[in-house]
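Everything below concerns the one structure shown next.
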Amino acid sequence: MKPRLAEETTSGGRVGDRVRRPDAVQKVRGDFPYSSDLQVDGMLWGATVRSPHPYARIESIDTKAAKAAPGVKAVLTFEDVAGENAYGLEIADQPVLASDVVRYWGEAVALVAAEHPEQARRAADKVKVEYAVLKPVTDPEQALLPKAPKLHPGGNVTRHIKIRHGDQNATAEVVVTGDYEIGMQDQAPLGPESGLAIPDGEGGVDLYIATQWLHIDQKQLAHVLGLEPHEVRLTMAGIGGAFGAREDLSMQAHACMLALKTGRPVKISYSRPESFVGHVHRHPGKLHYEHGATKDGKLVYVKARIVLDGGAYASSSTAVIANASCFAVGPYQCPNATIDGIVAYTNNPPCGAMRGFGSVQNCYAHEAQMDKLAAALTMDPVALRRHNSLETGSALITGQVIDGPVPVAELLRLVHERPLPAPAAKNADLTAMPGGVSNTTHGESVKRGIGYAAGFKNIGYSEGFNDFSTARVRLSVVDGKPRVEVHTAGAEVGQGLVTIQAQIAGTELGVRDVMVLTADTEVGSAGSSSASRQTYITGGAVKAACEAVRERVVALAQSELKSGEGLRLEDENIVGADGNVLVALATLLGEEVIDELRVFRPRKTSPLDPDTGQANAHMQFAFAAHRAVVDVDTELGLVKVVELATAQDVGKAINPQAVEGQLEGGAAQGLGLAVMEEIQVQDGVIKNPSFTDYLLPTILDMPPVRMDILELGDPNSPYGLKGVGEPPTISSGPAILAAIRAATGRPVTRVPVRPHDLVL
Amino acid sequence: MEFLQPATWSEALAMKAAKPEAVPIAGGTDLMVEINLDHRRPATIIDLTHIKELTEWGMDDGRLRIGAGVTYARIIDELGDRLPGLAMASRTVGSPQIRNRGTVGGNLGTASPAGDAHPPLLATEAIVELASTKGTRQVAANEFFAGPKKNAMRADELIAAFLVEPARGPQQFSKVGTRNAMVIAVCSLALAVDPKRKHVGIGIGSAGPTPIRAAEAETFIQEVLEEHRLWERHVHCEPSALKQFGELVAAAAKPIDDVRGTADYRRHALAVLARRTFRWAWDDYRKSK
Amino acid sequence: MNVSCTVNGRAQVAEGVWEGESLLYMLREHLGLYGSKNACEQGECGSCSVYLGGTLVCACLVLAGQAQGKEIITVEGLARGHGLHAVQDAFVEAGAVQCGFCTPGLVVATHDLLQRIPSPSDAQIREALAGNICRCTGYAKIIDAVNLAAGRSRS
């Protein structure tokens with residue numbers, strides 16, 4: 001029994017082409033099966049009983065009434081967790097189902113499977129959980145105090161990064177300080193957490209799921225289900241966006257437990273409000289900064305204390321705080337730095353990965369500081385940035401010397417020199433005004449502001465993490481034509497990985513007909529679709545496997561043609577040293593199948609020194625700059641972003657259309673955090689868990705994005721490419737904030753900016 | 001759950017009389033959210049979308065009588081010239097999909113303080129027509145809103161229509177939201193100028209437990225217009241008067257802090273909206289001569 | 001209850017519908033038409049946009065029973081045969097599809113827009129599609145797709 005999955009279509013195209021996505025045809029027809037669309041006969045629906053308290057001891061759980069409810073096939077609690085009741089990406093601190101204590105509002109406590117989702121929901125209501133309510137710890141600074149209740153056995157400090165670079169007692173002629181606050185952003189992928197678990201009848205389970213990393217799910221699932229990894233097989237279903245929200249387990253273990261218990265397929269699909277408690281969010285934070293510079297505008301030192309609220313469980317907090325600390329200064333040279341980055345446990349919603357993790361938070365602070373410093377020095381803010389920009393050979397505050405192109409000054413120049421949009425027209429259409437069709441201004445009190453920001457972050461895994469991906473490439477003849485099949489476990493979350501794998505195989509093997517197989521755990525791990533790494537790492541693995549296939553083809557040709565050196569595989573033919581076609585690839589292969597598996601590893605990285613934070617901790621860096629032009633209704637505090645301009649070095653644009661899409665879409669998520677998106681948490685409770693009050697940018701909010709895409713070529717990566725996905729989300733928002741400050745003359749130190757921040 | 005689908009208005013009224021707890025549904029833009037998100041499980045739902053007369057409008061003794069089931073999209077398309085304020089408000093309701101389905105009757109039934117149709121209905125002194133098997137009665141919009149999501153309806157009643165005079169002068173609607181489209185009001189304001197009656201009506205939304213008519217501000221601005229013969233002179237009123245007008249509108253509000261905004265901001269913004277919408281309306285009035 | 005309606009030109013009967021189900025749920029789980037998407041189920045994202053009696057609506061906000069006797073067209077019903085509708089083709093070509101979860105709703109909403117306004121301005125496109133949230137693209141390529149489809153329909 002298998003649900004219908006996306007078709008494995010073939011596509012062509014070469015590296016560098018604007019390629020039509022092979023999966024887009026099914027997507028525009030409404031025929032692409034996402035994880036929430038899966039269906040098999042006899043399927044049950046799962047529902048989750050969740051904690052109504054942010055912090056409480058569980059006194060008792062009574063499932064009798066729920067079990068007796070109509071249509072119910074199973075009701076499960078922590079007692080039904082067969083393996084260890086603990087999971088987590090970095091630290092296994094989160095229970096699959098809470099046993100003795102709940103640590104956040106919405107934590108899963110029990111599960112129900114029933115014939116109809118409504119029956120499952122009604123039965124879930126009948127699970128009686130008695131709680132002894134505890135006072136939640138909802139402020140990370142409070143959590144760090146010695147008197148705070150310990151939320152986990154090791155205390156409330158999830159991780160403290162110390163960076164001590166250069167002279168710790170450095171002084172400077174010009175000093176600016178600032179405090180900045182970042183709200184909690186949601187990834188809000190449109191596809192809800194969902195999947196289908198099908199028991200195999202032999203104690204194992206097949207899970208069809210939308211996830212960013214099949215193998216980390218598999219590993220965690222085997223652990224909590226008490227099974228061997230080969231007994232938990234995962235297959236990728238269509239993913240409706242991810243952005244970090246699908247790195248952690250959500251309903252995976254729950255669906256598997258219910259399927260194993262009932263012996264029937266079980267589907268769980270979260271509603272939007274449930275999704276808000278079903279995945280981690282971007283860490284909110286408070287950042288205190290002090291910048292010291294010489295009178296001519298050279299940075300002397302940066303001191304920063306960055307406190308992020310990790311919420312109830314660790315998730316990827318440890319990596320987030322490392323980024324927030326390592327890149328705390330931004331893409332600038334700074335000889336001396338004292339950075340303390342702390343992420344704390346609280347009883348707030350758990351926080352983890354979201355696009356640009358760590359660098360998004362600190363970019364708001366370091367870019368506001370650069371503007372403040374420019375003002376103190378009466379220098380142009382772009383000139384100040386360019387004066388201090390990182391360059392090839394610069395040392396980061398972690399001591400790492402960056403090699404390869406580091407075009408920070410150039411990126412800033414490009415956005416700065418781009419022509420500005422026309423001034424706001426008199427009698428402009430309402431849709432062009434702050435407030436839009438809500439008709440709040442006809443031009444009254446509208447002031448224009450322009451702001452700049454630059455940002456950077458690491459690509460791929462850092463700190464010595466074993467980064468690799470696996471690809472299997474199979475060349476055969478189908479219907480008289482060569483066909484390449486590419487098999488990896490890489491998650492196509494929408495970014496275009498399927499297209500890129502096909503382009504790479506097409507380029508390396510010169511074959512037009514490339515089929516990318518469904519990702520699953522039958523092939524080795526690809527690592528996660530996160531940290532902008534898949535094109536690099538899985539792309540690298542596909543390239544390596546293709547090269548191995550090509551070598552075997554050439555060897556086969558040499559032996560068949562009894563020919564010596566200089567044979568090449570070109571445009572589905574074997575070509576001699578003189579360029580003449582010797583034999584068609586299909587003829588050469590005949591019945592032969594060439595199948596190669598390769599693991600690709602990027603450069604090794606090292607752990608941060610625990611006392612000084614010094615190390616070659618990162619594998620690659622990506623840089624971008626943004627200019628924002630905004631119109632602000634300075635009386636009502638409403639903002640219309642008029643235009644974003646960006647410049648980014650992508651190394652090599654494998655699919656330029658997809659690169660543009662990343663730059664535009666990433667900027668939209670940056671805009672969202674800057675001016676509207678915030679999960680509002682009060683006493684540990686989310687007050688706006690729906691799209692009615694968690695506002696995402698609409699097509700009327702998102703301006704055009706003018707782009708300069710540089711392809712400077714990284715000497716260390718496949719095709720010279722750089723990760724693309726995250727930089728657009730890093731500096732877009734800070735540029736908007738700078739523009740708002742320019743328009744209003746107010747300091748504006750918190751995001752998202754709320755109307756009352758601008759007028760009261 | 002029971003689903004009833006009356007084909008006629010009298011059938012619907014009979015069903016409501018027999019089951020006063022039954023919940024009517026029209027466009028579903030409020031009720032379906034509550035059902036989908038598991039906030040509400042009505043025992044009985046009465047679908048009003050098959051009742052033709054609810055979707056009709058026409059003139060009735062000098063007033064427009066608009067069936068409760070007329071959608072926002074149709075108000076914009078068919079009544080934009082006669083009810084410009086309500087049409088402007090309708091344009092800010094949700095998305096095209098919502099405006100195609102949502103109705104003023106539904107807005108009145110939910111009686112949310114944030115309902116976009118309410119401020120223009122208050123500003124234009126609209127009347128709500130309620131019906132039951134016992135007959136019909138008319139309730140002034142100003143009396144209709146009884147509390148947070150509470151209205152003056154009896155359990156056996158359904159909303160038949162609302163009645164409102166076609167605009168005789170400029171009308172405005174303005175709504176603050178933190179997004180440039182598809183947003184629930186942080187606060188909103190409707191203003192209707194009636195040169196014949198020398199009347200200025202003001203309704204505010206999302207700034208109290210109910211939509212509110214700003215009566216003192218109405219009286220104040222009418223006095224200013226009278227006193228300085230502005231209706232006849234066709235000039236703008238003094239900025240100081242406009243400022244005071246704004247303050248009176250703000251004072252009419254009884255806002256709270258919530259996820260959408262703070263009470264202080266709402267009062268501040270209402271004063272700004274009052275000044276601006278009055279200026280725009282008065283500009284139109286001046287130009288009309 | 002049973003609900004009879006015409007979906008994409010075919011008479012259909014959804015059997016055993018629970019009275020609290022939305023048209024969206026009915027289309028997906030009773031009629032197997034999963035093209036209309038369940039992203040928010042509160043009318044805030046447009047991913048479930050369908051035509052109901054010729055009018056663009058969010059299927060999540062229609063109670064299944066309200067569709068009794070009505071004609072419904074979903075994203076699956078736009079193209080004739082195995083090809084793509086011009087709007088669908090434009091979305092593929094312009095790169096307006098990333099994760100694609102919003103795409104069916106946007107395709108239907110664009111189809112509706114171009115029926116009403118064959119050559120929409122930028123402002124008209126934006127106002128018409130303001131109810132369709134896309135989290136991936138930042139909308140630029142969606143606007144390109146609408147313009148591409150509009151241009152092709154004209155020629």
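Letters A, B, ... are given to chains in the order of the sequence lines, protein chains preceding strands, and every chain is numbered from 1.
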Quiz item: With only heavy atoms counted, which part of C/Ala96 is less than 4.5 Å from chain A, the side chain, the backbone, both or neither?
Solution: neither

Self-check item: Among the listed options A/Gly496, A/Gly672, A/Gly494, A/Pro704, the residue most often paired with chain C at heavy-atom distances under 4.5 Å
Solution: A/Gly494

Quiz item: For A/Phe691 and C/Ala39, which heavy atoms make the closest approach, and how far apart are they?
Solution: CE1-O, 4.5 Å

Quiz item: Top residue by heavy-atom pair count (under 4.5 Å) with chain C, among A/Ala242, A/Pro697, A/Ala658?
Solution: A/Pro697

Self-check item: Heavy-atom contact with chain C under 4.5 Å, split by part of A/Val437
Solution: side chain

Self-check item: Top of C/Val87, C/Val75, C/Val92 for chain A proximity - count of heavy-atom pairs under 4.5 angstrom
Solution: C/Val92

Quiz item: Measuring heavy-atom distances to chain C, does A/Leu190 have an atom under 4.5 Å in its side chain, in its backbone, in both, or in neither?
Solution: both

Exercise. Taking all heavy atoms of C/Cys136 and all of A/Phe243, pick out the closest pair and write down the distance.
Key: SG-CZ, 3.6 Å

Quiz item: For the candidates C/Cys102, C/Cys99, C/Gly138, which exhibits the highest count of non-hydrogen atom pairs separated by less than 4.5 Å from chain A?
Solution: C/Cys99

Quiz item: Is there a side-chain contact between C/Phe101 and A/Pro192 (heavy atoms, below 4.5 Å)?
Solution: yes

Practice problem: Using a cut-off of under 4.5 Å on heavy-atom pairs, state which of A/Pro703, A/Ala668, A/Gly436, A/Ala188 scores highest against chain C. | Solution: A/Ala188

Practice problem: Go through C/Gly20, C/Gly32, C/Cys45, C/Ala94 and name the one with the most non-hydrogen pairs under 4.5 angstrom from chain A. | Solution: C/Ala94

Can you pull out the donor-acceptor contacts between chain C and chain A, under 3.5 Å, including backbone atoms?
from, atom 1, to, atom 2, distance (Å)
C/Glu21, OE2, A/His116, NE2, 2.7
C/Arg28, NH1, A/Asp37, OD1, 2.9
C/Arg28, NH2, A/Ser36, O, 2.9
C/Arg28, NH2, A/Asp37, OD1, 2.9
C/Lys37, NZ, A/Asp37, OD2, 2.8
C/Asn38, OD1, A/Ser36, OG, 3.4
C/Ala39, O, A/Arg272, NE, 2.9
C/Ala39, O, A/Arg272, NH2, 3.0
C/Gln42, OE1, A/Phe691, N, 2.8
C/Gln42, NE2, A/Thr692, OG1, 2.8
C/Glu44, OE2, A/Thr692, OG1, 3.4
C/His82, O, A/Arg29, NH1, 2.8
C/Gly83, O, A/Arg29, NH1, 2.8
C/Gln88, NE2, A/Val28, O, 3.0
C/Asp89, OD1, A/Arg20, NH2, 3.0
C/Glu93, O, A/Gln657, NE2, 2.9
C/Ala94, O, A/Gln657, NE2, 3.3
C/Gln98, O, A/Lys27, NZ, 2.8
C/Gln98, OE1, A/Gln662, NE2, 3.4
C/Gln98, NE2, A/Gly661, O, 3.2
C/Cys99, O, A/Lys27, NZ, 3.1
C/Cys99, O, A/Tyr34, OH, 2.6
C/Gly100, O, A/Tyr34, OH, 3.1
C/Phe101, N, A/Tyr34, OH, 3.3
C/Arg126, NH1, A/Ile699, O, 2.6
C/Arg126, NH1, A/Met702, O, 2.8
C/Arg135, O, A/Gln669, NE2, 3.0
C/Arg135, NE, A/Gln187, O, 2.8
C/Arg135, NH1, A/Glu677, OE2, 2.6
C/Arg135, NH2, A/Asp186, O, 2.8
C/Arg135, NH2, A/Gln187, O, 3.4
C/Arg135, NH2, A/Glu677, OE1, 2.7
C/Arg135, NH2, A/Glu677, OE2, 3.4
C/Thr137, O, A/Gly665, N, 3.4
C/Tyr139, OH, A/Pro697, O, 2.7
C/Lys141, NZ, A/Glu660, OE1, 2.8
C/Lys141, NZ, A/Glu664, OE1, 3.3
C/Lys141, NZ, A/Glu664, OE2, 3.4

Practice problem: Just give me the residue among C/Ile142, C/Val107, C/Ile133 that pairs up with chain A most often, heavy atom to heavy atom, under 4.5 Å. | Solution: C/Ile133

Quiz item: Checking A/Ala667 against chain C: side chain, backbone, both or neither under 4.5 Å from a heavy atom?
Solution: neither

